[in-house]
Amino acid sequence: MKKNRWNLALLVLTAVAVIVSVWGPETVAVYKDRGILNAIRTKEEETGGVGYRYQLSRSEKLYILSQCLNSQSVPGTEQSSQARETEVNYQELTGTYAFVVNHNGPSGQEITDAEIYEAAGRELAALKELGILPDTIRDVQPASYEATLYSAIDVPEPRNNVAVWKLSLTGSLQNANKENRVIDAYIDADDGKIYEFYVRSGLQWEDIDPDGLVEKWSAYMGLPAPEAYENDNPLLETTPYYRKYVISGTGEDRTIVTVGFYDGINELFLKISK
């Protein structure tokens, strides 16, 4: 009798095991699917679009912008005309670096078109106070200038991009007296710092201390101390009045900073290049 009960219990256990092995996984999967399908879950992901920007260091920003501007490193008003870009599809960008008009406008954290002139005036005042620019340089007025927002993009890594405002003397004043005026300037769209400038004044090259000027500008920008650029090629510039410097960045990255002067039009400039 005992043996029969044992055999019956073994038979029942075997039957249960067979049922579980056949129907168990499917039943579990159904309940799991119900849990997933009936619930909304969110997950934060990094996207590769140009709308997202990593928090770059000042040296990294300077390097990316210098790479993008390199092909536009020509004198004053010539540079202004060549910098005008047409609308570009970000997905169609080619090459390593691209400098394109940002038709989407400020993202909400950047200086807006209504704020750019106030920001430019504030930073020009800072450059005058530091002795980088002469006190005679006039303030920029909306009626006299055009402001365009650009994106300087590391194409292989488009999340690494720098938003900058380009401020240029308006075309209607191209034949006007430009003395003591800003001709062109590139301004950081995050904090208003001035990366490049071309200004007309009464100064002569003999009045300018390029070593002192670039040291003050580097400190103003929060950059490492500049070093003299030894491998100098006089054919790189269209004026004999200039000095070049190197600012080191991350790894082997470096940016060339040029302080120069165009005689005849009395134009002092500070520009960046690769």
Side-chain angles (χ1 to χ4, degrees), residues 50-51 53 56 58 61-88 90 93 97-107 109-127 132-133 137-155 160-174 176 178 181-200 217 220-221 255-258 260 262 267-274:
V50 295
R53 288 192 291 128
L56 300 172
R58 183 69 68 181
K61 283 185 170 185
L62 185 76
Y63 178 76
I64 291 172
L65 182 58
S66 70
Q67 297 297 306
C68 294
L69 293 178
N70 187 68
S71 62
Q72 302 179 69
S73 296
V74 294
T77 52
E78 245 185 281
Q79 186 185 49
S80 300
S81 62
Q82 290 192 9
R84 302 292 179 237
E85 300 287 339
T86 56
E87 185 168 359
V88 176
Y90 291 132
L93 294 177
Y97 294 93
F99 191 64
V100 295
V101 172
N102 185 339
H103 292 281
N104 295 325
S107 65
Q109 298 179 340
E110 298 155 348
I111 295 170
T112 66
D113 51 356
E115 300 167 335
I116 182 58
Y117 295 100
E118 181 181 349
R122 181 187 67 241
E123 296 305 319
L124 285 173
L127 295 185
I132 296 171
L133 293 179
I137 298 298
R138 307 184 204 178
D139 291 337
V140 295
Q141 300 295 335
S144 303
Y145 287 86
E146 298 173 352
T148 307
L149 183 62
Y150 287 86
S151 290
I153 305 169
D154 178 352
V155 175
N160 296 341
N161 62 90
V162 184
V164 293
W165 282 99
K166 183 168 190 289
L167 203 63
S168 301
L169 191 65
T170 185
S172 62
L173 295 178
Q174 290 301 322
K178 301 183 182 68
R181 285 187 182 273
V182 174
I183 304 301
D184 285 302
Y186 285 99
I187 301 172
D188 191 295
D190 291 329
D191 59 15
K193 294 289 186 179
I194 298 177
Y195 288 104
E196 275 198 12
F197 59 78
Y198 289 76
V199 299
R200 303 274 179 96
W217 174 81
Y220 155 80
M221 294 294 292
T255 302
I256 308 300
V257 179
T258 304
Y262 294 116
E267 186 166 295
L268 167 67
F269 64 87
L270 183 149
K271 68 176 182 179
I272 58 177
S273 59
K274 66 179 182 180

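Heavy atoms only: backbone and side chains are in, while hydrogens, waters and symmetry mates are out. All values reported here derive from a predicted model rather than from experimental measurement.
Annotation: side chain to side chain donor-acceptor pair (under 3.5 Å) contacts of E115 (sequence neighbours excluded): T112. Applying the side chain to side chain contact (heavy atoms under 4.5 Å, CB included) criterion to D139, with sequence neighbours excluded, gives K128, Q141. Considering only residues two or more places apart in sequence or on other chains, A119 meets the side chain to side chain contact (heavy atoms under 4.5 Å, CB included) condition with I111, R122. In terms of the salt bridge (Lys or Arg N to Asp or Glu O under 4.0 Å) criterion, residue partners of D191 (sequence neighbours excluded) are, by chain and number, R58. With sequence neighbours excluded, the residues that form a ring-ring contact (aromatic ring centres under 6.0 Å, His included) with F269 are Y198, Y262.
Closest approach of A185 and V182 over heavy atoms only: CB-CG1, 4.1 Å. The heavy-atom pair separating A189 from L149 by the smallest distance is CB-CD1, 4.0 Å. For Y63 against T255, the heavy-atom pair with the smallest separation is CA-OG1, 3.4 Å. The nearest pair of heavy atoms linking V140 to G121 is CG2-N, 4.4 Å. A pairwise comparison of heavy atoms in I187 and A120 identifies CD1-CB, 3.8 Å as the closest pair. F197 and L133 make their closest contact through CE1-CD2, 3.6 Å (heavy atoms, listed as atom of the first residue, atom of the second, distance).
No side-chain donor-acceptor contact under 3.5 Å links S273 and K271.
With hydrogens and angles ignored, the 3.5 Å screen pairs a side-chain donor or acceptor of W217 with a backbone N or O of I194. Distance alone, capped at 3.5 Å, is enough to place a donor-acceptor pair between the K193 side chain and the Y220 backbone.
Side chains of K166 and D184 form a contact here, defined as non-hydrogen atoms less than 4.5 Å apart. S144 has its side chain within reach of R181: a pair of non-hydrogen atoms, C-beta onward, lies under 4.5 Å apart. For the pair V162 and Y150, the minimum side-chain heavy-atom distance is 4.5 Å or more. A heavy-atom distance below 4.5 Å is found between the side chains of D154 and Y97.
Of the inter-residue distances, the one linking L268 atom CG with I183 atom CD1 reads 11.5 Å to the nearest 0.5 angstrom. Taken to the nearest 0.5 Å, the CG atom of D188 stands 3.5 Å off from the OH atom of Y195. Rounded to the nearest 0.5 Å, atoms CD (Q67) and CD1 (I153) are 14.5 Å apart. Within the model, atoms OH of Y145 and CG of L169 stand 5.0 Å from one another, a figure rounded to the nearest 0.5 Å. Atom CG of L127 is separated from atom CG of L270 by 9.5 Å, given to the nearest 0.5 angstrom.
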Query raised in the report: So K61 and D190, side-chain contact (heavy atoms from CB on, under 4.5 Å) or not? Walk me through it.
Result: CA-CA 11 Å; K61 283 185 170 185; D190 291 329; 2.9 Å; yes
Report task. Under the side-chain contact (heavy atoms from CB on, under 4.5 Å) rule, what do Y186 and I272 come out as? Steps first, then yes or no, please. Result -> CA-CA 10 Å; Y186 285 99; I272 58 177; over 6 Å; no
Report task. Just do the side-chain contact (heavy atoms from CB on, under 4.5 Å) check on L167 and Y117 with the steps written out, would you? Result -> CA-CA 9 Å; L167 203 63; Y117 295 100; 3.7 Å; yes
Requested in this report: Apply side-chain contact (heavy atoms from CB on, under 4.5 Å) to the pair I64 and N161, showing each step before the final yes or no.
Outcome: CA-CA 7 Å; I64 291 172; N161 62 90; 6.0 Å; no
